[in-house]
*Asks:* 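Starting off with a structure, shown below.
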There are 2 protein chains.
Amino acid sequence: MKVLIVEDDPLHRSYLTEAVRTALPECDLVAEAEDGSMGERLAREHRFERIVMDLQMSPRNGIEAARTIWRERPETRILFWSNYADEANVRGISRIVPDGAAYGYVLKSASDERLRLALRSIFIEAQCVIDREVRGMQQKSIGRLQGFTESEYEVLVDIALGLTDRVIASRRNLSLRSVQNRLQQIYEKLGVYDRTETGAEAKYNFRSRAVTEALLRKLLNQATLERAEQDLQDWLRRHARLLGTAPGRDGH
Amino acid sequence: MKVLIVEDDPLHRSYLTEAVRTALPECDLVAEAEDGSMGERLAREHRFERIVMDLQMSPRNGIEAARTIWRERPETRILFWSNYADEANVRGISRIVPDGAAYGYVLKSASDERLRLALRSIFIEAQCVIDREVRGMQQKSIGRLQGFTESEYEVLVDIALGLTDRVIASRRNLSLRSVQNRLQQIYEKLGVYDRTETGAEAKYNFRSRAVTEALLRKLLNQATLERAEQDLQDWLRRHARLLGTAPGRDGH
DNA sequence: AGATCGATTGCGGTTTCCCGCAGGACACAG
DNA sequence: CTGTGTCCTGCGGGAAACCGCAATCGATCT
């Protein structure tokens with residue numbers, strides 16, 4: 001059995017290596033990669049099926065790396081090992097997990113014991129292990145009790161990228177007005193409307209304010225934006241001629 | 001001599017403690033705090049004059065903690081110890097350093113040797129030590145070769161917070177038109193104007209796009225926004241009645 | 001003083017956003 | 001079939017953003 005560790009911080013890397021060695025004595029090879037792209041390469045070339053992966057690395061963060069690894073071999077078992085339990089990260093991960101894959105999500109603040117247990121559960125028993133706090137997030141975000149519809153979230157990302165209503169409409173295959181309806185729901189849920197006394201002037205530009213609210217509440221984060229920006233640029237290239245030749249105005 | 005270490009990650013904390021002990025044998029007390037507010041409290045109660053501080057902690061990140069510590073005792077020597085050299089962090093720090101204070105900024109990727117050297121230079125010789133990469137940032141950002149004026153940066157932060165042109169004008173004591181001029185310069189410098197072929201429809205909402213560009217280029221980051229949001233809320237409270245009673249429309 | 005350059009401000013006009021209103025499409029209950 | 005709900009859509013208008021043009025003010029150089 002062999003395990004790949006993808007983690008940019010040398011201290012954490014050696015700590016992980018040590019933890020793996022003691023938790024999995026049957027493991028005869030522990031390899032290390034110090035960023036996402038090196039992780040992808042090693043996983044591909046040496047067919048690692050067990051990976052411990054840090055989120056937030058650069059270049060190429062853990063989610064991106066995991067996505068391409070899982071695309072190539074969906075049965076790979078990945079344990080995510082991260083500082084935070086943002087909604088953005090949780091959502092990002094549950095969006096890329098292949099059906100039936102074994103994976104885990106444990107926080108760096110967890111005890112050695114918890115880490116050891118997670119390692120054995122995932123890598124030996126092929127069983128998912130997700131930290132309590134993270135589970136909490138999942139309930140909130142997927143159960144959308146307080147959270148966002150998938151389509152609302154997409155539109156939120158789009159305005160965060162700075163797109164116009166029109167482009168969002170064409171990207172998401174909606175009418176202009178529907179996009180604006182989504183926006184209003186978003187503004188509502190984010191509480192962008194100043195509830196100051198009557199008659200006070202609007203303090204905020206709703207569109208921009210919604211984005212910062214989302215950032216402050218950690219619905220979005222820098223890494224998410226970077227990924228989304230990539231997707232956007234791809235889409236733009238594919239649809240360049242569509243948009244370019246699109247008459248836009250249906251004629252005077 | 002005594003040293004305070006403020007760092008939320010236990011691994012890094014113990015590494016730092018060890019580094020301090022070997023680099024400064026004349027040091028007879030090394031204390032540890034695991035977030036910004038605890039750091040502030042310990043510094044205040046035990047009058048630490050030498051501090052090693054992580055940026056990015058929560059709650060209360062390194063910059064905020066340093067600001068209040070320096071406000072209370074400007075002669076405190078602080079070594080910042082961080083993963084990244086964002087423009088946002090560098091700018092944030094150079095904005096709060098008191099005149100003549102000794103401080104340092106070294107990256108976590110630096111060698112043990114560099115760290116040891118920095119510890120001795122700052123804590124013994126009261127001499128500033130700033131990593132190469134960080135220096136580079138300072139040139140770019142303060143020398144504004146490619147960077148932003150202080151006032152442009154302020155306006156950038158304001159639109160990132162989602163404020164209206166009108167509110168920005170009143171907050172920064174500018175005319176509406178000046179704010180808009182600032183904005184145009186910002187759009188220019190961030191390259192928000194799509195340079196696609198002629199006639200293509202505008203893809204972006206400039207205002208929102210500028211913010212994401214700034215985030216992607218790491219001119220801004222979440223922590224900066226949180227701080228700025230605090231300041232904004234304070235300002236709003238102070239000026240509530242000004243804005244509220246402002247007639248705005250001279251009314252019919 | 002005169003010239004020149006930059007920064008600031010006001011005046012329009014165009015575009016985009018924001019959103020109330022109302023009509024249509026589909027589902028589901030009675 | 002008729003009510004009631006939710007979702008999508010178009011219309012229209014008011015407000016904000018965006019931006020070219022031109023007049024003003026201040027600072028610096030000759």
Side-chain angles (χ1 to χ4, degrees), chain A residues 144 148-152 154-156 158-195 199-213 243 246-252, chain B residues 144 148-156 158-194 199-213 243 246-252:
Chain A
R144 89 199 49 166
F148 282 46
T149 313
E150 198 58 22
S151 91
E152 282 168 0
E154 286 181 348
V155 174
L156 174 60
D158 283 346
I159 63 171
L161 290 175
L163 296 178
T164 54
D165 293 5
R166 197 194 313 278
V167 176
I168 298 177
S170 110
R171 186 179 186 199
R172 303 297 181 192
N173 286 319
L174 295 172
S175 80
L176 197 60
R177 196 53 176 79
S178 291
V179 173
Q180 295 175 331
N181 282 336
R182 292 269 134 66
L183 286 177
Q184 276 177 254
Q185 293 162 224
I186 292 174
Y187 300 153
E188 193 61 47
K189 293 189 182 173
L190 288 175
V192 160
Y193 304 105
D194 348 1
R195 10 211 94 294
E201 312 256 323
K203 285 192 294 289
Y204 296 127
N205 172 318
F206 299 148
R207 173 171 286 248
S208 302
R209 183 63 184 176
V211 176
T212 67
E213 274 290 343
L243 276 180
R249 308 283 149 280
D250 47 348
H252 58 304
Chain B
R144 89 201 48 169
F148 283 43
T149 313
E150 196 59 23
S151 91
E152 282 168 1
Y153 189 75
E154 285 180 348
V155 174
L156 174 61
D158 283 345
I159 62 171
L161 289 175
L163 294 178
T164 312
D165 291 8
R166 201 194 312 280
V167 176
I168 298 177
S170 109
R171 172 137 112 125
R172 302 300 181 189
N173 285 318
L174 295 171
S175 81
L176 195 61
R177 196 53 176 81
S178 292
V179 174
Q180 296 176 330
N181 282 335
R182 291 268 138 66
L183 286 177
Q184 279 179 254
Q185 295 160 221
I186 292 174
Y187 300 154
E188 192 62 46
K189 292 190 183 173
L190 288 176
V192 161
Y193 303 107
D194 348 3
E201 313 255 322
K203 285 192 294 290
Y204 296 125
N205 173 317
F206 300 148
R207 172 171 285 248
S208 302
R209 181 64 184 175
V211 176
T212 67
E213 275 289 342
L243 277 180
R249 308 282 145 283
D250 43 354
H252 55 299

*Asks:* Expressed in angstrom and rounded to an integer, what is the separation of Arg182(A) atom CZ from dC17(C) atom C1'?
*Replies:*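 These atoms are roughly 18 Å apart.
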*Asks:* Check for a donor-acceptor pair, side chain of Arg166(A) on one end and backbone N or O of Leu176(A) on the other, with a separation under 3.5 Å.
*Replies:*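 No; judged by distance alone, with no hydrogens or angles, the pair does not exist.
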*Asks:* Rounding to a whole Å, what distance do you find between Arg209(B):CZ and dT16(C):C1'?
*Replies:*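 In whole Å, dT16(C) C1' and Arg209(B) CZ are 18 Å from each other.
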*Asks:* Quick test of your reading of the model: are Glu152(A) and Lys189(A) salt-bridged, counting only N-O distances below 4.0 Å?
*Replies:*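 Looking at Glu152(A) and Lys189(A), the cut-off is met.
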*Asks:* Ignoring hydrogens and angles, tell me if any N or O in the side chain of Arg182(A) forms a donor-acceptor pair with the backbone of Ser151(A) under 3.5 Å.
*Replies:*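 No; zero donor-acceptor contacts below 3.5 Å.
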*Asks:* Closer to the 5' end of DNA chain D via nearest nucleotide, is it Gln180(A) or Leu183(B)?
*Replies:*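 On the 5' side of the pair lies Gln180(A).
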*Asks:* Would you say a side-chain N or O of Arg177(A) is under 4.0 Å from OP1 or OP2 of dC11(D)?
*Replies:*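 Checking dC11(D) against Arg177(A), no side-chain N or O comes under 4.0 Å of OP1 or OP2.
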*Asks:* Could you tell me how far apart Arg166(A) (CZ) and dC18(C) (P) are, to the nearest whole angstrom?
*Replies:*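 Spelled out: CZ on Arg166(A) to P on dC18(C) is 14 Å.
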*Asks:* Which heavy atom in Thr164(A) sits nearest to a heavy atom in Asn205(B), and how many Å separate them?
*Replies:*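 Where Thr164(A) meets Asn205(B) most closely, the heavy atoms are CG2-N, 3.6 Å.
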*Asks:* Whole Å only: how far is the CD atom of Gln184(A) from the P atom of dC8(D)?
*Replies:*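 Going from Gln184(A) (CD) to dC8(D) (P), I get 13 Å.
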*Asks:* So, is Tyr193(B) near the phosphate of dC19(D), with a side-chain N or O under 4.0 Å from OP1 or OP2?
*Replies:*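 Checking dC19(D) against Tyr193(B), a side-chain N or O does come within under 4.0 Å of OP1 or OP2.
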*Asks:* How many whole angstroms separate atom OH of Tyr187(A) from atom C1' of dA16(D)?
*Replies:*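 Answer to the nearest Å: 12 Å.
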*Asks:* Check the distance between dC19(D)'s P and Ile186(B)'s CD1 and give it to me in whole angstrom.
*Replies:*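 Nearest whole value for this atom pair: 13 Å.
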*Asks:* If you only use heavy atoms from C-beta on, which nucleotide in dA17(D), dG10(C), dC17(C) is closest to the side chain of Ser175(B)?
*Replies:*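 Closest nucleotide to the Ser175(B) side chain: dG10(C).
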*Asks:* Take atom CD1 of Ile168(A) and atom P of dT16(C), then tell me their distance rounded to the nearest Å.
*Replies:*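 Roughly 14 Å, once rounded to whole Å.
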*Asks:* Which comes earlier along DNA chain C counting from the 5' end, the contact point of Leu176(B) or that of Asn181(A), where each point is its nearest nucleotide?
*Replies:*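 Looking at the nearest nucleotide for each, Leu176(B) comes out on the 5' side.
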*Asks:* Look at the aromatic rings of Tyr187(B) and Tyr193(B) and report parallel, tilted or perpendicular, splitting at 30° and 60°.
*Replies:*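 Correct class here is perpendicular.
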*Asks:* Counting side-chain heavy atoms from CB outward, which of dC19(D), dC18(C), dC17(C) is closest to Phe206(A)?
*Replies:*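 Closest nucleotide to the Phe206(A) side chain: dC18(C).
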*Asks:* Atom CZ of Arg172(B) and atom P of dT8(C): how far apart are they, to the nearest Å?
*Replies:*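 Going from CZ in Arg172(B) over to P in dT8(C) covers 14 Å.
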*Asks:* Please tell me which of the listed nucleotides, dA16(D), dT9(D), dC19(D), lies nearest to the side chain of Ser178(A)?
*Replies:*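 The answer is dT9(D), which lies nearest to the side chain.
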